[in-house]
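A short write-up of the structure that comes next.
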Amino acid sequence: MNYAAKFGKTNILTETRLSDNLLITPDISIWKSINYNKGKTNPTSPLLTMEITHSAQNDRYSDKTIMAAFQNFPTIQESFIYNYAKDTWTRYRRTLRGIEKDKNKDYSRVLNCYLHTLL
């Protein structure tokens, strides 16, 4: 599936706060955009976030942080933590039952691909 066709215009942002009110700054975030002023776009809604770390013990991006992001941003569909020291992935995704956490899963339904193929 073509990502642009599915979601329209998007922006991929790095180290960008999700809001001025929350101190949540994922390494990578994908935002849906809207058009304004002669074709320029403005990011409006985060769809996916990703944090890349080497240690879960000193990582600022914890379960609590991810749950706060999901709670405050209903547009977030998935969030991932990749530990490159251990080469492990953790996927969080919004479902009808709530937020599900899956260890050792890197398949993104939003992007329709395995994230390890993008590294």
Side-chain angles (χ1 to χ4, degrees):
M1 173 177 282
N2 182 327
Y3 181 73
K6 183 176 180 182
F7 293 104
K9 296 201 178 277
T10 58
N11 287 327
I12 299 173
L13 304 175
T14 58
E15 293 293 339
T16 303
R17 274 191 192 174
L18 296 180
S19 96
D20 291 335
N21 299 331
L22 294 172
L23 300 177
I24 300 173
T25 308
D27 289 328
I28 298 168
S29 55
I30 296 177
W31 292 66
K32 188 170 185 173
S33 300
I34 59 169
N35 286 327
Y36 74 99
N37 289 343
K38 299 181 183 178
K40 294 181 181 179
T41 61
N42 184 29
T44 60
S45 305
L47 298 171
L48 180 144
T49 65
M50 185 185 314
E51 184 70 16
I52 301 168
T53 185
H54 68 281
S55 170
Q57 294 167 337
N58 65 5
D59 187 21
R60 69 187 190 284
Y61 216 72
S62 64
D63 282 349
K64 185 177 178 181
T65 304
I66 288 177
M67 293 306 172
F70 273 105
Q71 182 179 22
N72 287 286
F73 299 95
T75 57
I76 294 177
Q77 297 302 306
E78 294 176 316
S79 191
F80 293 87
I81 297 177
Y82 174 58
N83 182 321
Y84 64 84
K86 295 182 179 180
D87 192 28
T88 59
W89 291 85
T90 304
R91 175 183 66 191
Y92 301 79
R93 63 188 178 102
R94 189 179 304 277
T95 69
L96 295 175
R97 295 181 300 267
I99 307 306
E100 292 183 357
K101 177 181 177 181
D102 299 308
K103 291 190 176 195
N104 300 316
K105 302 278 184 174
D106 73 325
Y107 183 77
S108 170
R109 291 182 180 184
V110 170
L111 299 176
N112 196 27
C113 71
Y114 289 95
L115 297 181
H116 75 270
T117 64
L118 304 176
L119 298 178

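None of the values given here were measured: they were computed from a predicted structure. The figures that follow rest on heavy atoms only: side chains count, while hydrogens, waters and symmetry mates do not.
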Practice item. Using the side chain to side chain contact (heavy atoms under 4.5 Å, CB included) rule, take Gln77 and Arg109 through it: C-alpha gap first, then chi angles, then the decisive distance, then the call. Key: CA-CA 9 Å; Gln77 297 302 306; Arg109 291 182 180 184; over 6 Å; no
Check your understanding: Going through the distances and angles, do Cys113 and Leu118 end up as a side chain to side chain contact (heavy atoms under 4.5 Å, CB included)?
Key -> CA-CA 9 Å; Cys113 71; Leu118 304 176; 4.0 Å; yes
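- A distance-only check finds no donor-acceptor pair linking the side chain of Asn83 to the backbone of Thr88 [under 3.5 Å].
- Annotation: side-chain hydrogen bond (donor to acceptor under 3.5 Å, both in side chains) contacts of Thr90 (sequence neighbours excluded): none.
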Exercise for review: Go through Phe80 and Tyr92 one step at a time and tell me if the side chain to side chain contact (heavy atoms under 4.5 Å, CB included) criterion holds.
Suggested key: CA-CA 6 Å; Phe80 293 87; Tyr92 301 79; over 6 Å; no
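- The backbone N or O of Pro26 sits nowhere less than 3.5 Å from a side-chain atom of Thr49 that would complete a donor-acceptor pair.
- Both Val110 and Ile28 belong to a single network of hydrophobic side chains, linked directly or stepwise wherever heavy atoms of I, L, V, M, F, W or Y lie under 4.5 Å apart.
- At distances below 3.5 Å, at least one donor-acceptor pair connects side-chain atoms of Glu51 with backbone N or O atoms of Asp27.
- Applying side-chain contact (heavy atoms from CB on, under 4.5 Å) to Ile30 and the options Leu13, Ile76, Leu48 leaves one that passes, Leu48.
- Rounded to the nearest 0.5 angstrom, Ser19 OG and Ile24 CD1 are separated by 7.5 Å.
- Defined by atom type and a distance below 3.5 Å, a donor-acceptor pair is missing between the side-chain atoms of Glu15 and Thr25.
- Side chain of Thr16 to backbone of Thr14: a donor-acceptor contact under 3.5 angstrom is found.
- Trp89 has its side chain out of reach of Lys105: every pair of non-hydrogen atoms, C-beta onward, lies at least 4.5 Å apart.
- Between Thr53 and Tyr84, the closest side-chain pair of non-hydrogen atoms is not below 4.5 Å.
- The shortest non-hydrogen separation linking Pro46 to Phe73 is CG-CD2, 3.9 Å.
- Here the closest non-hydrogen pair linking Asn72 and Ala68 is ND2-O, 2.8 Å.
- Using modelled atom types, one side-chain atom of Arg94 and one backbone atom of Phe70 make a donor-acceptor pair closer than 3.5 Å.
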Practice item. Dump the intermediate steps for side chain to side chain contact (heavy atoms under 4.5 Å, CB included) on Leu23 and Arg17, then the final yes or no. Key: CA-CA 7 Å; Leu23 300 177; Arg17 274 191 192 174; 3.1 Å; yes
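- The shortest side-chain heavy-atom distance between Ser108 and Tyr114 does not fall under the 4.5 Å cut-off.
- Salt bridge status for Arg93 with Asp102: present, with a side-chain N to carboxylate O gap under 4.0 Å.
- No path of Ile, Leu, Val, Met, Phe, Trp and Tyr side chains, each step under 4.5 Å between heavy atoms, connects Ile81 with Tyr107, placing them in separate hydrophobic clusters.
- One distance of note links CD of Gln71 with CD1 of Ile66; it measures 14.0 Å at 0.5 Å rounding.
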